[in-house]
Protein chains: 2
Amino acid sequence: MRYSIGQVAKKTGLTAHTLRYYEKEGLLPFVQKTGSGLRVFSDTDIGWLEMIECLKGVGMSLKGIKQYIDWFREGDETLPQRLEMFLQQRAHLEKQMEQLNKHMAKINYKIHLYTEAVRLGSLEKAHQNKELQAEQQRVYGDMF
Amino acid sequence: MRYSIGQVAKKTGLTAHTLRYYEKEGLLPFVQKTGSGLRVFSDTDIGWLEMIECLKGVGMSLKGIKQYIDWFREGDETLPQRLEMFLQQRAHLEKQMEQLNKHMAKINYKIHLYTEAVRLGSLEKAHQNKELQAEQQRVYGDMF
DNA sequence: GTAATCTTTAGAGTTAACTCTAAGTCAATA
DNA sequence: TATTGACTTAGAGTTAACTCTAAAGATTAC
């Protein structure tokens, strides 16, 4: 299948502006153009956009993503670099997920605390609840 | 305990510049000053910084964090808003973690693929591995 | 065929979150 | 007392990642 920039924008949720910007930054080197200059996206290009979304989602910068795409274009001699990059991203992602789990515990504590506070009409009083105090101890050491 | 801005910077990993910036943006309304204008951070302030780090970590903007701090300062009449905010953050965080799990599956596939590609000296050949093809089917529908 | 819509370009503007500078003040040490 | 290093301020500068503009050309629907 072939897609115009507008169709790709709808499909991916990115704007046409953003897609042109990505191309300008070297992230979409495989997109074709018609004789009159219009971009024509293939399913392969959509696949690249999904990969870009994944790498952005795990915290890579556009510059880092471009590096990967450049390595890809250089062919099999850059296989080790690409493997190394993915290994690093996995390590980074693992730390990120660990952090998010800790954050989730804090947020859950807050939800319990504020649910009780709303019920009692007072944050002060909710803080006196023994179970909440115990949860706070497990999760943090703070008081906000 | 009392801390200078430099000590807090070391403790938190933020720079003194960033701490002043947070204060200017209204994120640290409880920090005291000496007669001569030096900031004096308390353990309570460190606690607020930890909360700020958590909220930033789950994707809140400084503006959103300031809103929470402002509500906190307004007292018990804003308890429902604060509860609502934390409920929204939890929902957001859940989606985020789900996304990260999907990203992790893709990254793991890439690691398997590139490990094999490095062994064989060819990405093309690695793609012919049936197990990798099956993993790819499970994880995506793409080829990058 | 014409009106409406889509796409093109180069380049300027925006936003969030820092990050730094300059000129001066303060505190601790030799 | 002099030096060293941390701290103060207002405000300018930076960076990443968009986001938009304007004017013109291309495509689609009727």
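The structure presented is a predicted model; accordingly, all values stated were derived computationally and were not measured. Below, read A as the first sequence line, B as the second, and so on, with proteins coming before strands; counting in each chain starts at 1.
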Just checking, any donor-acceptor pair under 3.5 angstrom between side chains of B:Gln133 and B:His127?
no
Establish, from distance only, whether the side-chain atoms of A:Tyr3 and A:Asp45 form a donor-acceptor pair under 3.5 Å.
no
Calculate the interatomic distance between B:Ile5 atom CD1 and D:dT8 atom P; express it in whole Å.
5 Å
Quick one: B:Glu25 CD to D:dA10 P, roughly how many Å, whole number?
13 Å
For the pair made of NZ in B:Lys33 and P in C:dA27, what is the distance, rounded to whole Å?
14 Å
Side-chain donor/acceptor of B:His92 to backbone N/O of B:Val58, under 3.5 Å
yes
Short N-O contact, A:Glu23 and A:Arg39, less than 4.0 angstrom
yes
OP1 or OP2 of C:dT8 under 4.0 Å from side-chain N/O of A:Arg39:
yes
B/S/- contact track for nucleotides 17-30 of chain D, protein heavy atom under 4.0 Å
BBBBB----SS---
Pairs flagged by salt bridge (charged side-chain N to carboxylate O under 4.0 Å, His left out) wherever residues 95-104 of chain A is involved - sequence neighbours left out
none
Using whole Å, what does the distance between atom C1' of nucleotide D:dA6 and atom NZ of B:Lys10 come to?
11 Å
How long is the line joining CD of A:Gln32 and P of C:dT7, in whole Å?
17 Å
For A:Glu74, look at atom CD and say whether over 12 heavy atoms of other residues, nucleotides or ligands are found less than 6.0 Å away.
yes
